[in-house]
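Since we're looking at a predicted model, the values are computed, not measured.
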Amino acid sequence: MELRVIEKTDTELSIEISGEDHTFMNVLKGALLESDGVEAATYDVNPEQSGGQTEPILTVKTGEDVDALDALEDGAQRVMDKATTFQDAFEAAA
């Protein structure tokens, strides 16, 4: 996975996440939307409407008191925590 920042302000972040598809992007978007201070989280993978771009571009918008990069870090941590919880439950059930 490679990350490339496209645009960054204190309350908005657009970042290209190469090598990922809808599976990961939906999970990350959902985790971001659960984060305090995140007002919007979306991604785009439509090359016809995005100037030929084929890698997903994640956009995060936050309130004034939350840095968009911190929100992304929080969302990524939430994804890792959920994956660990799932793995533990799976191993316990096996």
Side-chain angles (χ1 to χ4, degrees):
M1 174 186 304
E2 291 183 33
L3 307 176
R4 182 175 64 92
V5 174
I6 296 171
E7 185 177 341
K8 163 86 173 81
T9 67
D10 288 342
T11 60
E12 188 169 343
L13 174 68
S14 290
I15 188 167
E16 182 181 74
I17 303 176
S18 65
E20 296 302 332
D21 58 18
H22 289 288
T23 304
F24 177 75
M25 297 305 295
N26 273 315
V27 171
L28 181 57
K29 180 185 81 168
L32 284 164
L33 291 171
E34 294 173 359
S35 299
D36 291 335
V38 173
E39 296 178 353
T42 187
Y43 71 93
D44 180 29
V45 292
N46 189 341
E48 285 88 28
Q49 296 178 358
S50 303
Q53 150 260 333
T54 58
E55 300 293 348
I57 295 177
L58 176 72
T59 301
V60 180
K61 295 181 183 181
T62 62
E64 292 295 323
D65 59 337
V66 177
D67 184 87
L69 197 55
D70 291 341
L72 178 59
E73 182 179 7
D74 182 53
Q77 184 62 52
R78 184 173 271 118
V79 169
M80 291 188 303
D81 292 346
K82 285 182 178 187
T84 299
T85 300
F86 177 80
Q87 181 179 7
D88 292 346
F90 179 81
E91 289 173 355

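- With contacts defined as side-chain heavy-atom distances shorter than 4.5 Å, the pair V38/D74 does not qualify.
- Here the side chains of D67 and K8 are in contact, with some heavy-atom distance below 4.5 Å.
- Closest non-hydrogen pair, A31 versus V79, comes out as CB-CG2, 3.7 Å.
- G37 approaches V66 most closely through the heavy-atom pair CA-CG2, 3.7 Å.
- Under 3.5 Å, the side chains of S14 and T59 contain a donor-acceptor pair of N or O atoms.
- Cluster annotation: M80 and F90 are assigned to distinct hydrophobic clusters (Ile/Leu/Val/Met/Phe/Trp/Tyr, side-chain heavy-atom contacts under 4.5 Å, transitive).
- Put simply, the side chain of E55 gets close to the backbone of G19: a donor and an acceptor are under 3.5 Å apart.
- Remark: the backbone N or O of E2 is paired with a side-chain donor or acceptor of S18 at under 3.5 angstrom.
- The minimum heavy-atom distance between A41 and L33, with the atom names listed, is N-CD2, 3.6 Å.
- In this structure the side chain of L13 reaches within 4.5 angstrom of the side chain of V5, judged on heavy atoms.
- Put simply, M1 and L28 are part of the same group of oily side chains (I, L, V, M, F, W, Y) that touch within less than 4.5 Å, one to the next.
- You'll find the side chain of L69 stays beyond 4.5 Å of the side chain of E73, heavy atoms only.
- Taking CG of D44 as the start and CD of E16 as the end, the distance is 11.0 Å to the nearest 0.5 Å.
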